Amino acid sequence: MKKMITRRNFLAAAGVVAAAGVLTACGGSSSSTAASGSAAGSAAGSTASGETIKVGVMGPLSGNVSVYGQAVVNGASLYLKQVNADGGINGKQIEILTEDEQGDATQAVNCFTKMVDEGITALIGDVTTTPTLAVAAESADYNMPMVTASATAEAVTYDAETDTVNANVFRATFTDPFQGIKMADYAYKKLGYTKAAVIFKKGADYNEGLAENFVNEFESLGGTIVDQESYSDGDVDFKTQLTSILGKAPETVFCPNYYEEVGQILSQAESIGLTVPFLGGDGWDGLEGYATADQLKDSYFCANYAKGASPEFEEAYKAEYGEEYPNGFAPLGYDAAKTVVYGLQAAEDAGLEAGSDEYKQAVIDAIASGSIDGITGTFTFDEHHNPVKETAILTYVDGKPELKEMF
């Protein structure tokens, strides 16, 4: 039987110590005013007065990973605005409280507790893994319904070592193990590769999680991992690792890293004559601006969303923000918001008081047993609160990502 996680053991799993008085002032900009078109704005049509349903939306709106945070917060806010424009939930408007956690775990916890003090009934967030782990730990004490759009580490919702589920936390994206396994299956079963190498950043949950599961799955299928190379955070020269890989003659290289580093790796691989196809995970989203068409030829990566899958969403995003949706994190933010609203609708239909313990539990129960008709696919949740859905496999045509198939 799965156990409900406690704050203490989740903090231990996350490697976070939240001692009293340690947290710094939150760097976000909590707002309940009309939206100005930026990610940090609240929903148009919601008001600070009268009866509203307060929903927190959190992400790194500044800092090194703001490209992901802006996308998630914009996508989530877009859906909540649409709900408000359609009359809200049983006539109640959603009041959006948005915070910028700057990509920092301590800031993220501080932002979350600030929103709790302001009366949120559910949270959409966080975005990247380490801050999300910290917020999930804190949220357990409040049994706060929490849906992360994009944090992929398995430990966000489930601790495999203790067989413990964090009962109030869900995700709209797939997990690191899922991505690593999926790409190993695709490499071996669909592309026919039997010899692969791996290059990844060490010390990072996302990169290590994908790499480990790719290796284990590829070898279990009968494939051979000819080389595993790692690098440290901040490294910009990968030629030593790539030269080692070149000498082992792989048919493909799995590179589960984020797009800026992947672009550097592909460029340096080309410069030393390592021209085999590379494979990746959803961190490749946005890579086309950092690599050439030749470097991307015959490469594949897995993603939650493929451009063109929902023209309505894409048109609405451009109309709201004045630009094309930036990456697949925006659709995931949209679906995370859909998931939260699904739960809120059930609690409102039951006539419960927003923010009460009964209300929050009703939201959690509805999500756990529900089916979400999202733009990244229709999905339910498994026993670990991960979405059950297909994966989009994307390849590059003239240097731009296109859907190859659902797998």
Side-chain angles (χ1 to χ4, degrees), residues 2-28 55-60 63 65 68-69 72 97 99-173 175-177 203-206 208-209 336 339-340 343 355 357 360-361 363-364 367-368 381 383-386:
K2 302 295 183 292
K3 294 168 283 187
M4 182 172 179
I5 199 162
T6 67
R7 182 184 177 202
R8 176 176 297 176
N9 59 35
F10 208 90
L11 281 167
V16 174
V17 178
V22 172
L23 300 179
T24 60
C26 180
V55 174
V57 184
M58 174 189 293
V65 291
Y68 301 124
V72 167
L97 304 179
E99 293 290 345
D100 174 16
E101 42 81 319
Q102 303 173 5
D104 179 80
T106 301
Q107 288 280 48
V109 171
N110 203 29
C111 289
F112 170 72
T113 56
K114 178 182 176 183
M115 289 189 289
V116 170
D117 290 343
E118 293 171 340
I120 63 168
T121 58
L123 174 69
I124 300 165
D126 206 338
V127 173
T128 56
T129 290
T130 300
T132 304
L133 285 168
V135 174
E138 190 73 17
S139 73
D141 279 353
Y142 303 92
N143 199 33
M144 181 66 68
M146 172 178 165
V147 181
T148 171
S150 51
T152 53
E154 184 179 28
V156 167
T157 61
Y158 174 66
D159 184 339
E161 290 187 3
T162 62
D163 194 25
T164 303
V165 176
N166 191 21
N168 63 301
V169 183
F170 302 82
R171 76 178 100 222
T173 188
T175 65
D176 292 346
D205 292 333
Y206 172 83
E208 289 187 346
T339 304
V340 164
D357 291 343
K360 289 184 289 186
Q361 190 61 51
V363 173
I364 292 166
I367 293 172
F381 292 94
E383 63 179 348
H384 297 161
H385 291 182
N386 299 319

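Each residue takes its place number in the sequence, starting with 1. The basis for the numbers below is simple: all heavy atoms, side chains too, and nothing from hydrogens, waters or symmetry mates. The structure displayed is predicted, hence computed values, not measured ones.
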Let me confirm one number: the [atom1]-[atom2] distance from [X] to [Y], rounded to the nearest 0.5 Å.
{"X": "Ile120", "Y": "Glu99", "atom1": "CD1", "atom2": "CD", "answer": "9.5 Å"}
{"X": "Ile364", "Y": "His385", "atom1": "CD1", "atom2": "NE2", "answer": "8.5 Å"}
{"X": "Asp141", "Y": "Thr113", "atom1": "CG", "atom2": "OG1", "answer": "11.5 Å"}
{"X": "Asn110", "Y": "Asp104", "atom1": "CG", "atom2": "CG", "answer": "10.0 Å"}
{"X": "Asp163", "Y": "His384", "atom1": "CG", "atom2": "NE2", "answer": "6.0 Å"}
{"X": "Glu101", "Y": "Lys114", "atom1": "CD", "atom2": "NZ", "answer": "13.5 Å"}

Which pair of non-hydrogen atoms, one from [X] and one from [Y], has the smallest distance, and what is that distance?
{"X": "Gly59", "Y": "Asp126", "answer": "CA-OD1, 3.6 Å"}
{"X": "Ile367", "Y": "Val340", "answer": "CD1-CA, 4.4 Å"}
{"X": "Thr152", "Y": "Arg171", "answer": "C-NH1, 3.4 Å"}
{"X": "Thr148", "Y": "Val156", "answer": "CG2-CG1, 4.1 Å"}
{"X": "Lys360", "Y": "Thr121", "answer": "CG-O, 4.0 Å"}
{"X": "Ala172", "Y": "Val147", "answer": "N-CG1, 4.4 Å"}

Working for side chain to side chain contact (heavy atoms under 4.5 Å, CB included), residues Val127 and Val65: CA-CA 9 Å; Val127 173; Val65 291; over 6 Å; no
Parallel, tilted or perpendicular: ring planes of Phe112 versus Tyr142, cut at 30 and 60 degrees: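 Perpendicular: the ring planes of Phe112 and Tyr142 meet at over 60°.
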Side chain to side chain donor-acceptor pair (under 3.5 Å) involving Thr339 - partner list, sequence neighbours excluded: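 If we apply the side chain to side chain donor-acceptor pair (under 3.5 Å) test to Thr339, skipping adjacent residues, there are no hits.
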Donor-acceptor pair between Asn386 and Thr175 side chains, under 3.5 angstrom: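 Not at all, the side chains of Asn386 and Thr175 share no donor-acceptor pair under 3.5 Å.
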Heavy-atom check, side chain of Asp357 versus side chain of Asn143, under 4.5 Å: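 A side-chain contact under 4.5 Å is absent here.
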Which residues share a ring pair (Phe, Tyr, Trp, His ring centres under 6.0 Å) with Tyr206, sequence neighbours left out: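 Result, ring pair (Phe, Tyr, Trp, His ring centres under 6.0 Å) vs Tyr206: Tyr258.
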side-chain contact (heavy atoms from CB on, under 4.5 Å) partners for Ala149, two or more places apart: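 Here the qualifying residues are Val72, Leu332, Ala336.
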